[in-house]
> 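Quick one: this structure, given as structure tokens, is what I'll be asking you about.
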Amino acid sequence: MKAQFQTREREDAGSRAAAAQPPIKQFGYTDRLGLNLAPIRFSSEEFEAGRTVYRDEEQYRALREAHQATHAFRYDARDAAIYDIPMAEGVAPLGTPVRIKTKDHLALLGKAANHALLDWLAPRRTILRRARPLQCWGNRKASLLSAAVRDQGLAETKGLDVLVRHSFDLRALGAPHQGAEPYLALMLDVSTSNELEIPVGELLRERFDPIGRYVCARADSGQDNVLARLETLGRVVGVDGGKLQLNDFTGEEFVDADSVTLEPRLENLDALIRHFYPRDAPKILEGLRKRRVPFSTANDKLAKIREVHGGVAGHLETIRIAGMAIEVGALLQRGSNLFPPLISTDRPGFLFGAQGRETGAFPDVGVKQHGPYKYMQHERNEPVIAIICESRFRGRIDQLARTLRDGVAEDAWQDAMRGRNKVPENPFRGGLIGKLRLSRVQFEFEEVTEPTPEAYREAILRLLARLPETPDLALVQIRADFKQLRNDRNPYFAAKAAFMTVGVPVQSVQAETADMQPSNLAYMANNLALAAYAKLGGSPFVISTRMPATHELVVGLGYTEVSEGRFGPKSRFVGITTVFQGDGRYLVWGQTREVEFENYADALLASLKTTIDTVRKDNNWQPRDRVRLVFHVYKPLKHVEIDAIKQLVQELLKGEHEVEFAFLDISRFHDFALFDPSQEGVNYYADRRRLLKGVGVPLRGICLQLDERSVLLQLTGAKEVKTSEQGLPRPLRLTLHSESDFRDLTYLARQVYSFSYLSWRSYFPAIEPVSITYSRLIANALGNLKSIPNWNSTFLTAGPLRSRMWFL
């Protein structure tokens, strides 16, 4: 162990030397690719701890609450025991003293390191959270809003500020390379946090109007040096003296104005700045914006993390945990023996053209050159498209419809690109007819005089009554502010339900987009036409893959939560998408009706039964063929759910096939971050100016294997970020469930990467696989439609929409 116990100075010197060399590029990766993780090493291979036999959660909770100031605790399921480490001088272990191996109890040592950090930070900083992750505010002398106010020669407002937020987490990570040992890692993050600690009563006396804003109060934390958690109480709808009347509330309808504050949301911060500094607010907000940027953009964020890392490492190396010295290494960078190994990824190939045999690497280019996949077999080659719009927008929606049909004229495109050194190709030349190879498009308009559900329903009834046949697709004009309406008062949902009831898929079009400049309209209409073509039953493109010997089905689970306001009744809905492989192509098959979360397991089993029965017949599965079921899920499945899935599949296949399962949790919500300081960024244009975006952001497709069951996959790279100030995009974290018997994580990660190119919502690659995206869209659409009168989702499972991409 001593051979591995290096000094941080030596490791940092090596990192500085590597950084001084030109980056080595290989397959899009560079030697400066790094993570927000710093390895922690201990000076001994074993240490002493206390061990207590675990009885129940109440015993464990009582033990922690009674001794949290002096001991670090962890429950270990491997031997059903509670282990503790004394964290104060002269304190003995609580349980029976035992000698245990360091490498086998890294999670316990992580708890102890967190305890040591908390003890150090609590007297110096405001603690926001004690653990997982430990969070605190930075030094108030570095407050961002106060500095922006002082720049204008003005006095700060007490209780109104933007502060730096530091985050620390201790993670035990598996061995990244074969034969290597697991290690403990310190994960760091730096961001900003709004502080709005002015009582609403004081704001009222300052003539600030809180109507329409949510208020909150601090709960009792019960912990010294820890800021109590904010609890949102409700939205202010009235003021009566010193009392606030709330709606959409939890608890009491009336609250004391002096005992609550505004939620620390960005819009409330902006409103208070404009209230207290009416003349200088624009300059202050611009100064604040500039000060926030270094905490979000990649290279600046990495520099801030390194600053924090230096201070934390210096402190931890002055203490002892279980009698052991600690060494905190440099942030992990490619070249370190602990840096996760890279999994290579490649863009999938695509198929296009009349016979489905033309190949290409880019969907948009392929459709332009060859037309959509098997377009000669498209059944709705001369579609009738119904358009519902408000009378006041009729002319502009008419223009938009023509653009959708015929494309953006080349002269308009060239005029919009005037002033650029290099003019990109017009992305939407030809429209639905020229680019997507439809023969004819007929539009049928019906106007409404007011934006109400009743008016939209009546317009749809009039249109359906006068048409000889049901239209193939409906375009429904909406407004951006429709999103603020309750579902049952939203004209869009009323129209969607009315059309889908008779088997017509719906595409929404915002009235505001009709006034777009041609440079933006071309890209918007290009994606709009793509989704419309798919809803008409066409296949714009498909992925071409090497056909494995195993029949493979990929089942995606996504969810959405629907509620009225913050505290109204909430319902969680689950959507299910199945993607199967046949003839070397991945195809989407089948959707479900809305499924409330509590019933999703039964719905999943029913969907699996129908899908397997149908796909087995269509693809002519033969006895003894191997079958693989891969599940892409938004949450880890429970063991009981996995057992039910396996039992159902085995009963369906009756022993005729060998079946293997992979259960893959796909998450965007984690604290891992990837950096590539050698990434110089990508040029883009905004307001006719050339700017640079994606500096320091790793390339799309970079994939790191954290351990034998988890990987990080970067799906938003330097080219995919929107602007120079978007911030550092997080990778997806893919975690393979321990009950999986198919364990080729490289294959599964590459499959997720390929599926991120399969969506027909846009020609651009997505930030998650289609298996998850489509499932969530299904859940969201059906969850919102559930509150619409007379809606019945059986129209989707038994009617003409069953095989249509109505949810795009």
Side-chain angles (χ1 to χ4, degrees), residues 1 37-125 127-136 166-173 182-188 221-226 311-328 671:
M1 189 70 181
L37 299 174
I40 294 180
R41 301 177 179 89
F42 297 90
S43 59
S44 175
E45 294 181 352
E46 60 179 32
F47 63 97
E48 185 176 274
R51 182 182 184 278
T52 303
V53 176
Y54 176 81
R55 293 196 306 270
D56 52 39
E57 179 63 26
E58 185 176 345
Q59 169 217 14
Y60 182 33
R61 190 182 300 111
L63 200 61
R64 284 188 306 171
E65 290 177 356
H67 301 281
Q68 66 178 1
T70 56
H71 291 74
F73 295 91
R74 183 176 184 271
Y75 166 67
D76 197 322
R78 291 174 295 183
D79 59 355
I82 303 169
Y83 288 90
D84 70 87
I85 295 177
M87 298 299 298
E89 289 287 336
V91 176
L94 295 174
T96 304
V98 291
R99 296 289 296 180
I100 54 180
K101 292 184 177 180
T102 302
K103 66 178 183 180
D104 294 337
H105 291 270
L106 292 173
L108 173 62
L109 291 168
K111 295 273 191 178
N114 185 91
H115 195 293
L117 273 178
L118 180 62
D119 282 350
W120 176 56
L121 290 169
R124 298 168 174 82
R125 298 286 184 267
I127 304 299
L128 306 175
R129 186 170 176 170
R130 291 177 58 92
R132 301 310 300 268
L134 166 61
Q135 290 184 340
C136 67
H166 297 153
S167 179
F168 312 94
D169 200 2
L170 281 300
R171 297 285 185 97
L173 294 179
Y183 66 101
L184 184 67
L186 172 64
M187 183 182 294
L188 303 106
S221 70
Q223 301 164 348
D224 294 337
N225 304 318
V226 178
V312 171
H315 168 71
L316 285 176
E317 292 181 353
T318 65
I319 65 173
R320 295 289 184 273
I321 292 180
M324 295 185 291
I326 301 172
E327 182 210 352
V328 182
D671 296 319

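Note that the structure is a prediction, hence the values are computed from the model and not measured. Throughout, residue positions are numbered sequentially from 1 according to the sequence presented.
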> Checking Leu108 against Asp76 for the side-chain contact (heavy atoms from CB on, under 4.5 Å) test, could you report, in this order, the C-alpha distance in whole Å, the side-chain angles of both residues, the deciding distance, and whether it holds?
CA-CA 9 Å; Leu108 173 62; Asp76 197 322; over 6 Å; no

> Could you grab the distance from atom CD1 of Ile40 to atom CG of Leu186, nearest 0.5 Å is fine?
5.0 Å

> As an exercise, state the distance from CD of Glu46 to CD1 of Ile100, rounded to the nearest 0.5 Å.
9.5 Å

> Side chains of Asp79 and Arg51, heavy atoms from C-beta outward: is any pair under 4.5 Å?
yes

> Thinking salt bridges, do Asp104 and Arg78 make one under a 4.0 Å N-O criterion?
no

> Report yes if some heavy atom in the side chain of Leu109 is under 4.5 Å from a heavy atom in the side chain of Thr102; otherwise report no.
yes

> Nearest 0.5 Å, what's the CD1-CE distance between Ile319 and Met324?
11.0 Å

> Looking at OH of Tyr83 and CG of Leu94, how far apart are the two atoms once the value is rounded to the nearest 0.5 Å?
14.5 Å

> Counting only heavy atoms not in Glu57, do more than 12 sit closer than 6.0 Å to its CD atom?
yes

> Which side chain to side chain donor-acceptor pair (under 3.5 Å) pairs, counting each pair once, include a residue from residues 115-124, with sequence neighbours left out?
His115-Asp119

> Evaluate side-chain contact (heavy atoms from CB on, under 4.5 Å) for Val312 paired with Val328, printing each intermediate quantity in order.
CA-CA 9 Å; Val312 171; Val328 182; over 6 Å; no

> Just verifying a value: how many Å separate His67 NE2 and Phe73 CZ, rounded to the nearest 0.5 Å?
6.0 Å

> Does the side chain of Ile127 come within less than 4.5 Å of Leu134's, by heavy atoms?
yes

> Of the non-hydrogen atoms in Ile321 and Ala112, which two are nearest, and what is the gap between them?
CG2-CB, 3.6 Å

> Considering all heavy atoms of both residues, which atom of Ala325 and which atom of Ser43 are nearest to each other, and what is their separation?
N-OG, 2.9 Å

> Who are the side chain to side chain donor-acceptor pair (under 3.5 Å) partners of Arg132, not counting sequence neighbours?
Asp169

> Testing the basics here: between Gly95 and Asp84, what is the closest heavy-atom pair and its distance to 0.1 Å?
N-OD2, 3.2 Å

> What closest approach, in Å, do Gln59 and Val53 show between heavy atoms, and which atom pair accounts for it?
NE2-O, 3.1 Å

> At their closest point, which heavy atom of Pro93 faces which heavy atom of Glu48, and how far apart are they?
CG-OE2, 4.1 Å

> Less than 4.5 Å apart, side chain to side chain, heavy atoms only: is that true for Met87 and Thr70?
no

> For the pair Phe47 and His105, name the ring-plane relationship: parallel under 30°, tilted 30 to 60°, perpendicular over 60°.
perpendicular

> Hey, could you give me the NZ/CD distance between Lys101 and Glu45, rounded to the nearest 0.5 Å?
8.5 Å

> Grab the two heavy atoms, one from Glu317 and one from Arg320, that are nearest each other, plus how far apart they are.
O-NH1, 4.4 Å

